[in-house]
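Everything below concerns the one structure shown next.
Being a predicted model, the structure only gives us computed values, none of them experimental. Counting convention: from 1, in listed order, for ligands and their atoms alike. Both backbone and side-chain heavy atoms feed into the values below; hydrogens, waters and symmetry mates do not.
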Amino acid sequence: MHSHDLVDITIIGGGPTGLFARFYAGMRRASSQIVDALPQLGGQLTALYPEKYIFDVAGFTKVLAKDLVRSLAEQSAQFGAREHLNQRVVGLEEGDGHLVLVTETDRFPTRSIVIAAGIGAFSPRRLPQACAAPWYGHGVHDVVTTPEEYRGKRVVIIGGGDSAFDWAHQLQGIAAHVTLMHRSDRFRAHGATVAAVEAAVAAGSADLFTFHELADVRSEGDRLSGVQVRNTKTKETREVACDVVLPMLGYVSDLGDLLNWGLTLEKDEILVNSQMEAGRPGIYAAGDVTTYPGKLKLIAAGFAEAATAVNQAVHWIYPERKVAPGHSSNMEIFGQKDD
Ligand SMILES: Cc1cc2nc3c(=O)[nH]c(=O)nc-3n(C[C@H](O)[C@H](O)[C@H](O)COP(=O)(O)OP(=O)(O)OC[C@H]3O[C@@H](n4cnc5c(N)ncnc54)[C@H](O)[C@@H]3O)c2cc1C
């Protein structure tokens with residue numbers, strides 16, 4: 001097992017809350033690092049809605065989720081703290097006067113922890129059909145990061161929720177053709193997006209198959225060339241030629257071992273007090289993973305909670321340092337003078 005250097009604050013989760021926590025730790029001259037299970041920073045913004053606009057982040061009239069992540073990552077990296085990606089935290093141990101976070105391959109000794117784990121380590125829900133399994137990564141993709149990759153391609157989207165309809169809508173004009181397939185006629189998507197996709201169907205640029213499921217995958221050589229789909233009511237099958245299948249079946253998320261750390265929990269969320277303390281000395285929590293009366297699961301709330309959690313952690317590690325950070329506009333670390 002690879003053991004990393006001891007730092008002041010280890011942040012579990014590199015979503016917006018964790019990124020802002022890392023910035024704040026640097027501003028308070030505390031060493032820090034982010035540990036995240038996903039291969040990219042950004043949490044839900046990167047994994048679930050990179051191409052969607054966000055309208056309620058202070059300072060932006062509107063901002064694409066992926067652009068907000070880029071800005072947060074840039075701000076967060078300025079003090080040199082690292083991120084360790086593809087590292088899912090699976091355990092917590094007591095070290096010699098410090099804590100140790102354990103992943104499958106690494107150990108992260110740390111003086112304190114800020115848990116910014118959101119809805120937990122999440123992974124896309126996979127198609128249950130065994131025929132799809134060998135095609136994941138080349139022909140079957142459950143995360144869309146760059147829509148341009150689908151330019152000129154015939155795309156089959158499977159699902160009936162927001163992501164399925166969002167992509168069926170957003171790939172209009174990019175993909176050569178879009179077929180959306182869902183196993184019922186009940187959609188869990190925004191009405192306006194459903195209407196937009198139905199309009200595309202009426203205009204002949206998309207197909208919508210309700211009560212259909214994947215029956216088989218067709219290939220030419222090592223290339224996916226189509227799917228056989230089955231009507232769940234009549235059991236009739238039909239062939240759909242396509243280049244790409246995008247299963248949009250939602251995510252499975254799991255807080256896993258965090259639930260066994262003796263923290264104050266309420267329905268699988270961490271019940272924090274106004275100092276963002278999580279029920280065990282040196283452990284704080286912020287963002288979507290937390291709950292308290294009046295909690296808002298929003299990016300803006302996560303930012304404020306991250307600042308509180310880090311300021312408390314810094315004071316806990318170094319009691320001589322005040323909880324209140326002072327104003328960044330006066331800070332020497334930014335080359336400013338106290339006025
Ligand atoms: C479709 C959609 C649209 C949204 N639109 C808006 C909006 O317009 N405005 C708004 O304010 N909010 C919006 N939200 C909510 C917003 O995305 C969340 O409030 C925000 O992502 C919470 O940030 P977070 O950093 O606390 O958690 P997350 O973004 O969930 O990040 C948590 C990170 O922790 C990691 N993690 C979890 N467990 C572990 C572990 N054991 N080991 C290692 N890493 C772990 C995860 O991999 C993840 O990267 C939207 C959400 C969705 C799904």
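The only option from L101, V102, D106, D36 that meets the side chain to side chain contact (heavy atoms under 4.5 Å, CB included) definition with Q87 turns out to be D106.
By the salt bridge (charged side-chain N to carboxylate O under 4.0 Å, His left out) test, D254 is found to be paired with R88, residues two or more places apart in sequence or in another chain being considered. Among residues two or more places apart in sequence or in another chain, the ring pair (Phe, Tyr, Trp, His ring centres under 6.0 Å) test is passed with F165 by F187.
Taking both residues in full, the closest heavy atoms of R111 and L6 are given as NH2-CD2, 3.4 Å, listed atom of the first, atom of the second, then distance. Considering every non-hydrogen atom in both S328 and M27, the closest pair reads CB-SD, 4.0 Å. For the pair L48 and Y251, the tightest heavy-atom approach, listed with the atom from each and the gap, is CD2-CE1, 2.7 Å.
A cation-pi arrangement is present between R238 and F209 under the rule of less than 6.0 angstrom and at most 45 degrees off the ring axis.
Contact annotation: G256 has no heavy atom less than 4.0 Å from any atom of ligand 1. Heavy-atom distances between P16 and ligand 1 reach below 4.0 Å in at least one pair.
For ligand 1, the atoms sitting less than 4.0 Å from at least one non-hydrogen atom of G13 are 33 (C), 34 (O), 35 (C), numbered in the order shown with element in parentheses. Numbered from 1 in the order shown, with element, the atoms of ligand 1 that lie under 4.0 Å from a heavy atom of G43 read 29 (O), 31 (O), 48 (C), 49 (O). Interface of L45 with ligand 1, defined as ligand atoms under 4.0 Å from a residue heavy atom, comprises 17 (O), 21 (O). Counting atoms of ligand 1 from 1 in the listed order, those under 4.0 Å from a heavy atom of L48 are 53 (C). Short contacts between ligand 1 and I119, defined as distances under 4.0 Å to a heavy atom of the residue, involve ligand atoms 30 (O). Which parts of ligand 1 touch L38 is read off a 4.0 Å heavy-atom cut-off, strictly below it: atoms 47 (O), 49 (O). Close contacts of ligand 1 with R88, meaning ligand atoms under 4.0 Å from a residue heavy atom, involve 42 (N), 43 (C). Listed by atom number, the atoms of ligand 1 under 4.0 Å from V35 heavy atoms are 43 (C), 44 (N).
If you check which protein heavy atom lies closest to atom 50 (C) of ligand 1, you get Y49 OH, 3.2 Å. The protein heavy atom nearest to atom 25 (O) of ligand 1 is T17 N, 3.1 Å. Residue, atom and distance of the protein heavy atom nearest to atom 18 (C) of ligand 1 are D288 OD2, 3.3 Å. Counting protein heavy atoms only, atom 40 (C) of ligand 1 is closest to V89 N, 3.7 Å. Scanning the protein for heavy atoms near atom 48 (C) of ligand 1, the closest one is D36 OD2, 3.4 Å. The protein heavy-atom contact nearest to atom 43 (C) of ligand 1 is A37 N, 3.2 Å. Scanning the protein for heavy atoms near atom 9 (N) of ligand 1, the closest one is D56 OD1, 2.8 Å. Closest protein heavy atom to atom 27 (O) of ligand 1: G118 CA, 3.2 Å.
Polar contact check, G14 against ligand 1: no nitrogen or oxygen pair lies under 3.5 Å apart.
Between A116, A121, S163, it is A116 that holds the heavy atom closest to atom 32 (C) of ligand 1. The option with the heavy atom closest to atom 30 (O) of ligand 1, from among Q44, K62, Q87, H190, is Q44.
There is no side-chain donor-acceptor pair under 3.5 Å between Y150 and D243.
A tilted orientation is assigned to the rings of F20 and F303, their planes being inclined by 30° to 60°.
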- [ ] Could you go through the salt bridge (Lys or Arg N to Asp or Glu O under 4.0 Å) check for D166 and K52 one step at a time?
- [x] CA-CA 9 Å; D166 278 353; K52 275 176 110 89; 2.4 Å; yes

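Salt bridge status for R183 with E213: absent, with no side-chain N to carboxylate O gap under 4.0 Å. Between K295 and E266 there is no salt bridge, since none of the side-chain N atoms of the basic residue sits less than 4.0 Å from a carboxylate O of the acidic one.
Here H84 and F108 bring their ring centres to under 6.0 angstrom of each other.
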